[in-house]
Every structure is written in structure tokens, then in C-alpha cells.
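Read through the structure below, which is laid out as C-alpha cells, and then see the notes.
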2 protein chains.
Amino acid sequence: MSRKRMTKQRQAILQALNDKNCHPTADEIYFEVRKKIPNISLGTIYRNLNVLLEMNKIREIYNSPKYARYDANPKPHYHFQCQKCDRVCDVHLPYQRDLDKLIADNELFDVHHHTVVFFGLCEECQKKSKD
Amino acid sequence: MSRKRMTKQRQAILQALNDKNCHPTADEIYFEVRKKIPNISLGTIYRNLNVLLEMNKIREIYNSPKYARYDANPKPHYHFQCQKCDRVCDVHLPYQRDLDKLIADNELFDVHHHTVVFFGLCEECQKKSKD
DNA sequence: TTAATTGCAAAGGCTTTGCTATTCG
DNA sequence: CGAATAGCAAAGCCTTTGCAATTAA
């Protein structure tokens, strides 16, 4: 990893992210930062977000897969995703319905359901990393 | 919603999804189904997956946002996403570290962490829907 | 000075869509 | 027969990347 600078663009992006209480998309950050740096480009936004991720200054929400995955079981249940091979499997932990109620009671949201995804290494990738 | 048919293509896609124990991407389904219907097109795969979603025969994993969202807080915590306006906010429920251990003890996965996302209506969208 | 970074524009990669021909019911 | 669906290809949309000019350290 190369030595990182703190450019005014990178500074402004981090600032914009800190000012938002909800979690913006790259595009929303772009519009926010353009108030201060009108000619900043969207490419710069994306590049800086990726640098800030590398530096562990920010997080990407969900670490979700870059493209859709489908499940033939429509009942709510939890998943595991391997961080190495991206495989997604079911997890045998019953759906915790009381969590929805807990949130609904403590926040102003009207909660319908929730999803849980565990991340780590699947059996096969654990074996491979021992080689 | 229009009256749905059960074409051999739709049938084969559903079959392929049921046969996989892990959760495939559209592309993986495409390659699987082509063994039976060699000239099926990727557009048909996507269109049918969307129809099957509408019919509640299958689920899309995560219901995650279509594009990345960023978070200035790198510590693990849970999120709420509004199903109407897509806004993503923090939820004040402490990270349940014991869940990771529970899964690691009961499955063959090496679990590092997990994410939780609650879905429902945010305060503003609840108000709007009363109008 | 010089390696990192920016802007711009083009390219990538997954997903959707328009159109015509087919096919299920 | 008529509406829904398939195939094909083009378009869309978010994100990444190549390149020459600029800038932080």
C-alpha cells in the first residue's frame, strides 16, 4: 500500500460522510461535496471512498455481494457468505422475531423484518488456506 | 399483475434454484439451465427471476440496496433500511458478539462477524402514508 | 522533486428493456 | 385466438480505469 496524502477532496468526502447521520451513496456524497468543490469528479469520489475503505476510516454497508443472489426458500432465514469465494449458504439459526419487536419498541421505525448475514471462511476455503 | 404461465424456461429456472443448496447468481443459474435449454437467453433468466420474486416463489438475498452506501463509523453496528425511500440509518442495538460464536460452534464455517439489517418504514414515510 | 492524486472520458459488468416471433392456456 | 413470454441485441446504470496534468509532502 502506498503512502496516502490528505487532499482537500479526500478531506471533503470524509467530512460529508461524517456530517450525514444516515448513510449516503457515492452519488449523494458527490452532490454534497460539489457544494465546496464544484468541479470534483465522480471518479474522484469513488477512488477516495475505496482508499478510505482500505484505510479503515469508513465502512461499506453490508459488504453485500456486487450482484444479486437468489434463494428458493421464501421463508425468512439467515445466511453465511464466504469472504474468499463469495459462496452464500443457509445458517441453521431460527429467525429471531423478537428482534423486530425490540427495535420497533425502541426506535421510531415501523419494522417489518430483518436479515442477518455472517461473514467468514467456508469449510473449503479454510482447507485451502492451510495448504 | 397479469396471469402467469409456467413455461419450460420458468420451470427449469425454478428447478435449478431448488437443486442448488447454496444460493446462485443469475449467471450461475444461466449456466445451469443451459444444460437443458441451450439457447435460453440471459434476459429470460433475469425476467423470470423477477417474475418469481413477484410471485413470492423465491427471494433475493439481502434485499440489499442496488448500489453501495458508506458509513463513517467503522465499528460494527446494525442498520435499518426504509423500504420506501431506501434511506439507511443506524440502529441502537449493541453488536451481539455471541451470535458469531454460536454459529461457529454449530456450523463448519469460520465466522468473523455478521451484519443485521432491519427493513420497514422510516418515521417520515410512515407519516406520508397516512396522508 | 516525485509519487500520489485529480478530471475527464471511455470502458466494464450486471441488469433491464424494446421489438418481433413464439407459445401456453 | 390472445395475452404472456422468449430470444436477441441494444441500452441503462453504477463503478472502475487509463491518461495527461496537477498537487501534496
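Chain letters run A, B, ... following the sequence lines, proteins first, then strands; residues in each count from 1.
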Quiz item: Which letter, B, S or -, goes with each nucleotide of nucleotides 17-25 of chain D from 5' to 3', with contact meaning a protein heavy atom under 4.0 Å?
Solution: BB----BBS

Practice problem: State which residues pass salt bridge (Lys or Arg N to Asp or Glu O under 4.0 Å) with Asp105(A); sequence neighbours excluded, sorted by chain then number. | Solution: Lys101(A)

Self-check item: Criterion side-chain contact (heavy atoms from CB on, under 4.5 Å) against His77(A), the qualifying member of Val116(A), Val91(A), Asp90(A)
Solution: Asp90(A)

Quiz item: Taking only residues two or more places apart in sequence or in another chain, which ones pass side chain to side chain donor-acceptor pair (under 3.5 Å) with Ser41(B)?
Solution: Thr44(B)

Could you go over nucleotides 10-12 of chain C and give all protein N or O partners under 3.5 Å, atom names and distances?
none

Quiz item: CG of Leu49(A) versus P of dC14(D): gap in Å, rounded?
Solution: 15 Å

Quiz item: Taking OP1 and OP2 of dA6(D), is either one under 4.0 Å from a side-chain nitrogen or oxygen of Asn39(B)?
Solution: no

Quiz item: Which nucleotide, dT6(C), dT16(D), dA6(D), lies nearest any side-chain atom of Gln9(A)?
Solution: dT6(C)

Self-check item: His112(A): partners by ring pair (Phe, Tyr, Trp, His ring centres under 6.0 Å), with sequence neighbours left out
Solution: none

Quiz item: By side chain to side chain donor-acceptor pair (under 3.5 Å), which residues pair with Glu107(B), not counting sequence neighbours?
Solution: His92(A)

Practice problem: Quick one: list whatever passes ring pair (Phe, Tyr, Trp, His ring centres under 6.0 Å) with Tyr30(B), sequence neighbours left out. | Solution: none

Exercise. Could I get the full list of ring pair (Phe, Tyr, Trp, His ring centres under 6.0 Å) partners for His114(A), not counting sequence neighbours?
Key: Tyr78(A), Tyr95(A), Phe118(B)

Quiz item: Taking only residues at least two apart or on different chains, which pairs with a member in residues 29-49 of chain B satisfy salt bridge (charged side-chain N to carboxylate O under 4.0 Å, His left out)?
Solution: Glu32(B)-Lys35(B)

